[in-house]
Amino acid sequence: MKKILQDLSLEELKILTESYGEKPYRAKQIRSALHSGRKISEITDISKDFRAKLLEEYEDEPVRIIKKLVSSDGTEKFLLELSDGNVIESVLMKYKYGNTQCISTQVGCRMNCAFCASGLNGLARNLSSGEIASEIFAVNREAGGNLENRKVTNVVLMGSGEPLDNYANVVKFLREITADGGINISQRNISLSTSGLVPEMYKFADEKMGVNLSVSLHNPFDEKRRRIMPVAKKYSVKDILGACSYYFEKTGRRYIFEYSLIKGENDTKECADELIRLLSGRPCHVNLIRLNEVKERNLLATDDKYAYSFLGLLEKGGLSASLRRRIGTDIDGACGQLRNRYIKEKSTVGETNE
């Protein structure tokens, strides 16, 4: 497997170009082209010989779209192939205020949350910083965007994988994607979602990056949370709240709790009352999500009536809360579903050919 040119920062690209005997300004040309979603072979403002040298060492297209599904609500889901043959997912969600892309940070996931398809096949490997960024470059280009007119305006690290389990690559990605001169997405338009890796949450707060921090809570009771989130066996809700407070102290950014409503599991008045007790007075928001059902997980989504009732209880209790509209349900919209189906189909074909 060749190296990923998109892994390099502008300064690293300058060092590379000079090592090839090229002028330093070539680094900016290469970076602009890569951030526009172009392959190395498509960078026509550098010499043919220089392109050939780069292609000997670096992947021409480290992330490519191999499948695109479009929902009746306009949501687009992409299956992306990496240069080693692994596949990941990304989703482009369209809103009045702009387009939000949900990106993956790992091939698979080792968190194995009971409501998510991402962990069904375990963790294959981490994505490099350039591979994560290339998800955005590829989808922005596919949507007709460029550096001057981005079609991807907001980014959420909420696809397959646990971002803070791939800490170094994710932080490098965030620094590069928000830097001047490239695709330059504002930190305030980026959200990072974690299942609650507490030590990494503290470490990330010390980066003082100012991106939006979202925590997958899904149950306010430790014992019940452990049933659906193995990570809860190591870190308690109290631990998570302490890390969230530290994040606010360091960044001044309020934090968000993601809460997937699971029928009979976490949609009770008892759960609502405990959320109110825990979160009252905190600079936070509760984002309620009607579970996108994964058949392998045997969990059911809360009915709309009870979802709105749960929202009403939180609001009556003084919490800032909202119920996310359901999108992409007809195109394997939940994390890991499309990748999991692709792996199954590929495996079936392989067995048939044997």
Side-chain angles (χ1 to χ4, degrees), residues 37 63 65-71 73-82 87-109 111 113 115-119 127 129 131-143 145 150-166 169-170 173-174 177-178 183 185-195 211-216 218 256-260 287-294 322 324-342:
V63 175
I65 298 168
I66 59 173
K67 193 168 189 176
K68 175 182 173 181
L69 301 177
V70 182
S71 170
D73 60 32
T75 301
E76 298 174 357
K77 186 152 194 177
F78 300 90
L79 190 67
L80 305 164
E81 185 177 48
L82 308 176
V87 292
I88 56 174
E89 301 175 3
S90 192
V91 181
L92 188 65
M93 300 165 285
K94 299 180 179 180
Y95 301 99
K96 291 179 180 178
Y97 58 79
N99 299 330
T100 296
Q101 185 178 349
C102 180
I103 61 173
S104 297
T105 54
Q106 296 177 309
V107 181
C109 184
M111 296 299 107
C113 297
F115 47 82
C116 181
S118 295
L127 295 181
S129 61
E131 286 175 321
I132 300 170
S134 292
E135 295 178 60
I136 301 171
F137 304 155
V139 169
N140 185 57
R141 182 180 184 179
E142 170 69 19
R150 279 190 287 107
K151 297 301 180 183
V152 175
T153 56
N154 301 271
V155 173
V156 292
L157 285 72
M158 208 175 288
S160 296
E162 161 59 65
L164 296 185
D165 191 36
N166 184 16
N169 285 318
V170 165
F173 153 76
L174 289 171
I177 210 75
T178 58
I183 200 164
I185 297 172
S186 169
Q187 290 185 13
R188 290 179 176 270
N189 289 346
I190 299 176
S191 296
L192 181 148
S193 177
T194 177
S195 59
V211 303
N212 301 298
L213 180 68
S214 295
V215 181
S216 295
H218 307 306
I256 298 167
F257 291 108
E258 304 287 341
Y259 196 94
S260 291
N287 190 8
L288 300 177
I289 308 159
R290 282 161 288 195
L291 182 72
N292 217 334
E293 295 173 2
V294 178
S322 58
R324 184 189 296 172
R325 68 182 177 94
R326 303 188 77 173
I327 57 174
T329 55
D330 56 340
I331 56 166
D332 292 326
C335 293
Q337 284 185 333
L338 181 58
R339 174 178 179 267
N340 187 53
R341 181 155 61 90
Y342 175 84

Open item on the list: Can a donor-acceptor pair be found, under 3.5 Å and without considering hydrogens, that links the side chain of Ser118 to the backbone of Gly108?
Closed with: no
Open item on the list: Just verifying a value: how many Å separate Ser260 OG and Ile289 CD1, rounded to the nearest 0.5 Å?
Closed with: 4.0 Å
Task: Lys/Arg-Asp/Glu bridge criterion (N-O < 4.0 Å) met for Lys67, Glu81 - done: no
- [ ] Find out whether Phe173 and Leu157 are in side-chain contact, i.e. whether some heavy atom of one side chain is under 4.5 Å from a heavy atom of the other.
- [x] yes
Task: Gln106 side chain to Glu162 backbone, donor-acceptor under 3.5 Å - done: yes
TODO: Start with the C-alpha distance between Asn189 and Val155, add both sets of side-chain angles, then the distance that settles side chain to side chain contact (heavy atoms under 4.5 Å, CB included), and finish with yes or no.
DONE: CA-CA 6 Å; Asn189 289 346; Val155 173; over 6 Å; no
- [ ] Report the distance from atom CG of Leu80 to atom CD1 of Ile65, rounding to the nearest 0.5 Å.
- [x] 6.0 Å
TODO: Enter the distance from Leu79:CG to Ile66:CD1 here, rounded to the nearest 0.5 Å.
DONE: 4.0 Å
Task: Side chains of Val63 and Phe78 in contact at under 4.5 Å (non-hydrogen atoms) - done: no
Open item on the list: I'd like to know if the side chain of Ser214 reaches the main chain of Ser193, judged simply by a donor and an acceptor atom lying under 3.5 Å from each other, with no hydrogens or angles considered.
Closed with: no
- [ ] Could you please spell out the steps behind the side chain to side chain contact (heavy atoms under 4.5 Å, CB included) verdict for Tyr95 and Asn154?
- [x] CA-CA 10 Å; Tyr95 301 99; Asn154 301 271; over 6 Å; no
Task: Non-hydrogen atoms of Ser104 and Leu127 that approach each other most closely - done: O-CD1, 3.3 Å
Open item on the list: The test is side chain to side chain contact (heavy atoms under 4.5 Å, CB included); show your working for Val156 and Met93 and say whether it passes.
Closed with: CA-CA 10 Å; Val156 292; Met93 300 165 285; 4.3 Å; yes
- [ ] To the nearest 0.5 angstrom, please state how far the CG atom of Leu92 sits from the OG atom of Ser71.
- [x] 12.0 Å
Task: Donor-acceptor pair, side chain of Asn212 and main chain of Ile256, under 3.5 angstrom - done: no
Task: Nearest heavy atoms of Gly161 and Thr105, plus distance in Å - done: C-OG1, 3.8 Å
Open item on the list: Can a donor-acceptor pair be found, under 3.5 Å and without considering hydrogens, that links the side chain of Gln101 to the backbone of Glu135?
Closed with: yes
Task: For Ile103 against Ser90, the heavy-atom pair lying closest together - done: CG2-OG, 3.8 Å
- [ ] Step by step, work out the side chain to side chain contact (heavy atoms under 4.5 Å, CB included) result for Glu76 and Glu142.
- [x] CA-CA 11 Å; Glu76 298 174 357; Glu142 170 69 19; 5.6 Å; no
Open item on the list: Are Tyr259 and Phe257 an aromatic pair, judged by ring center distance below 6.0 Å?
Closed with: no
Task: Donor-acceptor pair, side chain of Asn140 and main chain of Arg150, under 3.5 angstrom - done: no
Open item on the list: Can you tell me how far apart CD (Glu89) and SG (Cys102) are? Round to the nearest 0.5 Å.
Closed with: 9.0 Å
Task: Ala133 versus Ile177, closest heavy-atom pair with distance - done: CB-CD1, 4.0 Å
TODO: Please answer whether the main-chain N or O of Val152 pairs with a side-chain N or O of Asn99 as donor and acceptor at a distance below 3.5 Å.
DONE: no
Open item on the list: Contact between Leu164 and Val170 at the side-chain level, heavy atoms closer than 4.5 Å - yes or no?
Closed with: no
